[in-house]
Amino acid sequence: GGTIAEYRWEVAQKPSGSGVVLGSPNLVETGFMFANGSKTGVDLAGEYVVHLNVVDDLGTQSITPCALTFDAIPSDTIHVQLIWDTDIGDMDLHLIKQNTAGQFCGTHDGAVSASCGYTGDSICYFGNCRSIWGSRPDWDAVTGVSAGDPVLDIDDLRGYGPENINIDVAVPGVYLVAADNFSREANVGNTVRVYLYGQLTGEFFHILDNPSGDDFWEVAVIYWPG
């Protein structure tokens, strides 16, 4: 005959590298938030388990928690994630679309990429592609923001990430995935995961270490479709 007086939600399991937290862990309803509070929802693809215990008005806690398990599966045709292993440092995710001359024109010169006539439409990164802005690089030749254009969910400046770049419905092309040690921290381990049609297709790890200058990692090339 008692009533529930207290709710205790907790994230019992989340994907490696996720920093997601619960926004209202002591209310009857709760939801997910990125660790820095900048965005609602889960931050990485993978399996999550959430537990709920309740306490009644006599102070008695439920015997076993109610458990909710679900998989977060990207609905985008191309979904790229970047996380890193330090609580400091500004790592940046880049996605570059190959131009008609067969070049990847971005903000860096490398084995594959080059600063060849760089324009804002050739690359998606923190400088032009964030979801909070009303414009994005035009990769599908459709006027305005459209399903073939890339978007960066968040520019994480303080450590761990994640940063995610999505293309809802990618047009045929060749895309370079890259990461940049923007803050020039030493010995930062970076993990990049590439999902195609919601399936983990590649996972890559590399230590970026160049305190004297930018360290740019060309991770993978996506041939789409093909």
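Only heavy atoms go into these numbers, but all of them, side chains included; no hydrogens, no water, no symmetry mates. Note that the structure is predicted; figures quoted are calculated from it, not measured.
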Would you check if the side chain of K97 reaches a backbone N or O of G173 as a donor-acceptor pair within less than 3.5 Å? no
Inter-residue atom distance T201.OG1 - L196.CG, 0.5 Å rounding: 3.5 Å
Side chains of N181 and S183: does their closest heavy-atom pair fall under 4.5 Å? yes
Hydrophobic clustering (ILVMFWY, side-chain heavy atoms < 4.5 Å, transitive) - are V80 and F204 grouped together? yes
Min side-chain heavy-atom separation Q81-L93 under 4.5 Å: no
Does V171 share a hydrophobic cluster with I123, counting links as ILVMFWY side-chain heavy atoms below 4.5 Å and allowing steps through other members? yes
Distance col, row N187:CG vs N210:CG, nearest 0.5 angstrom, shows 11.0 Å
Determine whether a donor-acceptor pair (N or O, by modelled atom type, separation under 3.5 Å) exists between the side chain of D215 and the backbone of D209. yes
Could you check whether any side-chain heavy atom of E6 comes within less than 4.5 Å of a side-chain heavy atom of I4, counting everything from C-beta outward? no
Same apolar cluster (I L V M F W Y, side chains within < 4.5 Å links), F126/V145: no
To the nearest 0.5 Å, atom CG of N128 lies from atom CG of D121 at 8.0 Å
Contacts of Y125 that satisfy side-chain hydrogen bond (donor to acceptor under 3.5 Å, both in side chains) - sequence neighbours left out: Y118
Can the ring centres of W224 and Y197 be said to be less than 6.0 Å apart? yes
Could you report the tightest heavy-atom contact between C124 and I165, atom names first, then the distance? O-CD1, 3.6 Å
Determine, using the 4.5 Å side-chain heavy-atom cutoff (strictly less than), whether V219 and F205 are members of one ILVMFWY cluster. no
Over 60° means perpendicular and under 30° means parallel, so classify the ring planes of H206 and W217, tilted if in between. tilted
Applying side-chain contact (heavy atoms from CB on, under 4.5 Å), run through D153 and V151 and close with a yes or a no. CA-CA 6 Å; D153 60 359; V151 60; over 6 Å; no
Is a side-chain N or O of Q61 found less than 3.5 angstrom from the main chain of V55, in a donor-acceptor match? no
With no hydrogens and no angle check, is any side-chain donor or acceptor of N166 less than 3.5 Å from a backbone partner on D168? no
Take Q98 and S122 through the test side-chain contact (heavy atoms from CB on, under 4.5 Å) and record every step on the way to the result. CA-CA 7 Å; Q98 188 180 61; S122 65; over 6 Å; no
Taking all atoms of both residues into account, what is the closest heavy-atom pair of D43 and S18, and its distance? OD1-OG, 2.7 Å
Of all pairs that satisfy salt bridge (charged side-chain N to carboxylate O under 4.0 Å, His left out), the ones with a partner from residues 190-202, not counting sequence neighbours: R193-E203
Could you walk me through whether T107 and H94 pass side-chain contact (heavy atoms from CB on, under 4.5 Å), step by step? CA-CA 9 Å; T107 57; H94 293 232; 3.5 Å; yes
Just wondering, do V192 and V177 contact through their side chains at under 4.5 Å, heavy atoms? yes
For V21, the hydrophobic cluster (side chain heavy atoms closer than 4.5 Å, chained through members) also holds M33
CG of D180 to CG of L208: how many Å apart, nearest 0.5 Å? 8.0 Å
Quick one about Q13 and E47 (side-chain donor to acceptor, distance below 3.5 Å, no hydrogens or angles considered), yes or no? yes
Distance-minimising heavy-atom pair for A35 and G19: CB-O, 3.1 Å
Donor + acceptor pair across side chains of S113, E218 (<3.5 Å): yes
What I'd like to find out is whether the side chain of N190 reaches to under 4.5 Å of the side chain of L82, using heavy atoms alone. yes
Under 3.5 Å, is there a donor-acceptor pair linking the side chains of D140 and S146? yes
Set of side-chain hydrogen bond (donor to acceptor under 3.5 Å, both in side chains) partners for D92, sequence neighbours left out: none
What pairs meet the ring pair (Phe, Tyr, Trp, His ring centres under 6.0 Å) rule with one or both residues in residues 143-167, with sequence neighbours excluded? none
Y7 vs N26 side-chain heavy atoms within contact, under 4.5 Å: no
What's in the same ILVMFWY side-chain cluster as L157, cut-off under 4.5 Å, chained through other members? none
Y195, L176: one ILVMFWY side-chain cluster at the under-4.5 Å cut-off? no
Is the distance between the ring centroids of F70 and F32 under 6.0 Å? yes
Tightest non-hydrogen contact, residues S24 and W9, listed as O-CD1, 4.1 Å
Straight-line distance of E185 CD to D90 CG, nearest 0.5 Å: 9.0 Å
Side chain N164, main chain P162, donor-acceptor under 3.5 Å: no
Sub-3.5 Å donor-acceptor pair from the side chain of D76 to the main-chain atoms of H79, do we have one? no
For a quick test of reading the model, state the closest non-hydrogen atom pair linking I78 to A170 and the distance between them. CD1-CB, 3.8 Å
Exercise: identify the closest heavy-atom pair between I83 and G17: CD1-CA, 3.6 Å
Do V11 and L22 come within less than 4.5 Å of each other through their side chains, counting heavy atoms only? yes
Under 3.5 Å: donor-acceptor pair, side chain of T86, backbone of V188: no
In the structure I gave you, are the side-chain heavy atoms of Y48 and P15 within less than 4.5 Å of one another anywhere? yes
Hey, what do you get for CD1 (I96) to CD1 (I222), rounding to the nearest 0.5 Å? 12.0 Å
NZ/NE/NH1/NH2 to OD/OE distance under 4.0 Å, E10 and R8: no
When the ring planes of Y175 and W139 are compared, do they come out parallel, tilted or perpendicular, using 30° and 60° as the limits? tilted
